[in-house]
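Before any comments, here is the structure.
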Amino acid sequence: MSTLPKAMRTMRIIALPLSRPNIPPDHGLKPHAIFNPNRMLIFYHFDLSQGNSVKIQDQSGIKRAVKWASTKAADLWAGFGKAPEGSWKLQTYEFGERIIDRIDFEELALKGVDPSLGPSITDVTQKANEVKFSEKQSLTEALRIPLIYPPSIYASLPPTGVNEVSHPSVVHLRTLLTSREPRHRRGFWMWMAIAPLTAPFMIVPIIPNLPFFFCVWRSWSHYRAYRSSQYLSSLLDQGLITPEPSAALDQLYTSYVPSLSNIESLRSPTAPPLRSAASLPANTPNMNNGHPSHDPTASSSQPDASNVHKTSQRLLLTRKAIPQILQLFGLPQSSAADMYRAVEQVRGRLGGTSGR
């Protein structure tokens with residue numbers, strides 16, 4: 001009988017590429033920069049929805065207390081969203097949601113990973129040393145975590161020259177974790193240090209010390225993303241995350257590839273019309289003082305048609321595809337919020353317009 005908990009056999013990672021990388025790449029950028037346009041921007045959905053079979057009594061007291069506090073905080077925040085119109089609670093909720101929309105979608109995805117529901121690397125190593133070779137193969141297969149990806153998107157990427165033995169989907173995930181881990185470690189300590197400075201707000205009557213709670217929440221968010229980065233890196237080191245192509249996902253990308261027309265349709269109705277893109281060459285670069293500019297994040301408050309056209313060439317997915325992705329993989333409707341945020345953030349990073 002297998003000694004593995006069910007949670008170890010149900011985890012999956014879905015890679016949803018949202019933009020193409022810079023071609024040709026900008027060699028002046030650091031390889032592990034947070035916003036590196038030389039890499040594809042990819043949203044990762046870490047599916048742990050079927051891994052809730054970990055028994056409460058098997059968790060430590062600290063973990064149970066943290067989980068209880070997290071649940072109470074989430075319920076309290078949801079209650080703010082149901083407050084009467086015009087109340088300070090509802091206004092705080094709406095302002096907080098706008099702040100969440102600005103948090104990197106990579107952080108939101110990482111902090112949603114709960115390592116306690118996945119394979120324990122320590123237990124895996126100990127059990128692998130105790131069993132025979134044939135049983136060790138079965139153990140590895142039972143723990144295998146598929147990294148589902150659209151094959152045609154990765155096949156079109158130019159060679160990176162970095163660890164060509166590994167599949168590009170695995171290389172990108174590892175690069176992402178390497179770049180995010182120190183960022184979230186710094187964020188955890190920074191917001192933890194800022195929190196005590198909010199003590200004077202405690203003298204405000206009636207209204208809670210919202211700045212303090214915000215600092216604690218940001219610190220906790222960075223901490224969870226940091227620990228998740230470490231955890232996922234250890235899974236990669238153990239070879240437990242393996243690429244798995246999905247023909248159905250590939251077909252979905254083909255059906256919902258963005259075009260210049262639907263990028264234009266997402267613009268604000270109050271924005272002035274763009275210059276016609278019909279007169280622009282397909283590969284015309286943006287010009288800066290007479291020289292081509294390869295900075296995909298450079299944008300103005302009123303982007304012209306060449307900028308939107310450049311964005312449409314690099315975008316791989318639109319908001320319209322998200323309901324189909326949920327249906328394809330049987331994901332809950334709650335998963336859509338982070339996907340929508342990711343699509344909007346990527347459009348903003350590429351210098352396009354926001355659909356909100």
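Sequence positions, counted from 1, serve as the residue numbers for this chain. Just so you know, these numbers use all the heavy atoms, side chains as well, and skip hydrogens, waters and symmetry mates.
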Note to self: For F188, give me all partners under ring pair (Phe, Tyr, Trp, His ring centres under 6.0 Å), at least two apart in sequence or on another chain.
What the structure shows: Y223
Notebook entry, point to check: R349 versus D104: any side-chain heavy-atom pair under 4.5 Å?
Noted result: yes
Next item on the list: Measure across M40 and P17 and return the closest heavy-atom pair with its distance rounded to 0.1 Å.
Entry: SD-CB, 4.0 Å
Next item on the list: Mind listing the closest non-hydrogen atom pair of A15 and P150 along with its distance?
Entry: O-CD, 3.6 Å
Check: Would you call R12 and E244 a salt bridge, taking side-chain N to carboxylate O under 4.0 Å as the test?
Finding: no
Item checked: ILVMFWY cluster membership beyond F212 - transitive side-chain contacts under 4.5 angstrom -> F213, V216
Check: Do you know the tightest heavy-atom contact between P196 and M192?
Finding: CD-O, 3.2 Å
Note to self: Looking at every non-hydrogen atom in both residues, tell me the closest pair between G239 and T242 and how far apart they are.
What the structure shows: O-CG2, 3.9 Å
Next item on the list: Give the intermediate values and the outcome of side chain to side chain contact (heavy atoms under 4.5 Å, CB included) for residues L16 and L249.
Entry: CA-CA 9 Å; L16 301 174; L249 184 58; 4.0 Å; yes
Notebook entry, point to check: Taking all atoms of both residues into account, what is the closest heavy-atom pair of M339 and S335, and its distance?
Noted result: CG-O, 3.5 Å
Notebook entry, point to check: Distance from Y44 atom OH to L173 atom CG, nearest 0.5 Å?
Noted result: 4.5 Å
Check: Within a strict 4.5 Å, meaning less than it, do heavy atoms of the Y253 and L317 side chains meet?
Finding: yes
Note to self: Suppose we screen for salt bridge (charged side-chain N to carboxylate O under 4.0 Å, His left out). Which residues come up paired with D338, at least two apart in sequence or across chains?
What the structure shows: R341
Item checked: Pairs touching residues 223-235 that satisfy salt bridge (charged side-chain N to carboxylate O under 4.0 Å, His left out), sequence neighbours left out -> none
Margin query: Given 3.5 Å as the limit, does a donor-acceptor pair link the side chain of E97 with the main chain of T92, or not?
Written below: no
Note to self: Applying side chain to side chain contact (heavy atoms under 4.5 Å, CB included) to S179 and R183, what does each step give before you reach the verdict?
What the structure shows: CA-CA 7 Å; S179 63; R183 176 183 178 88; over 6 Å; no
Notebook entry, point to check: Looking just at side-chain N and O atoms, do H172 and Y154 make a donor-acceptor pair shorter than 3.5 Å?
Noted result: no
Next item on the list: Answer yes if the ring centres of Y149 and H167 are under 6.0 angstrom apart, and no otherwise.
Entry: yes
Note to self: Strictly by salt bridge (charged side-chain N to carboxylate O under 4.0 Å, His left out), give each pair with a member in residues 211-223 just once, sequence neighbours left out.
What the structure shows: E107-R218
Checklist line | Partner set under salt bridge (charged side-chain N to carboxylate O under 4.0 Å, His left out) for E181, not counting sequence neighbours | finding: none
Checklist line | Under 3.5 Å donor-acceptor, D250 side chain and S152 backbone | finding: yes
Check: Can you tell me how far CG of D237 sits from CD of Q230, rounded to the nearest 0.5 angstrom?
Finding: 11.5 Å
Next item on the list: Supply the atom-to-atom distance L110 CG to S229 OG, rounded to the nearest 0.5 angstrom.
Entry: 4.5 Å
Next item on the list: Taking all heavy atoms of I322 and all of A336, pick out the closest pair and write down the distance.
Entry: CG2-CB, 4.0 Å
Item checked: Residues that S87 engages under side chain to side chain donor-acceptor pair (under 3.5 Å), provided they are two or more places apart -> none
Checklist line | Contacts of A73 that satisfy side chain to side chain contact (heavy atoms under 4.5 Å, CB included) - sequence neighbours left out | finding: none
Notebook entry, point to check: Hey, does the side chain of S228 reach the backbone of K111 with a donor-acceptor pair shorter than 3.5 angstrom?
Noted result: no
Checklist line | Whichever hydrophobic residues join I100 through chains of side-chain contacts under 4.5 Å | finding: F95, I99, I103, L108, M190, W191, I194, F214, W217
Item checked: Contacts of Y93 that satisfy side chain to side chain donor-acceptor pair (under 3.5 Å) - sequence neighbours left out -> none
Next item on the list: Please identify each residue that fulfils salt bridge (charged side-chain N to carboxylate O under 4.0 Å, His left out) with R185, with sequence neighbours left out.
Entry: none
Check: With side chains defined as the heavy atoms from C-beta onward, is the minimum distance between L176 and I42 less than 4.5 Å?
Finding: no
Next item on the list: Starting at CD of Q345, measure out to OH of Y340 and round the result to the nearest 0.5 Å.
Entry: 15.5 Å
Checklist line | Listed partners of Y226 passing ring pair (Phe, Tyr, Trp, His ring centres under 6.0 Å), at least two apart | finding: none
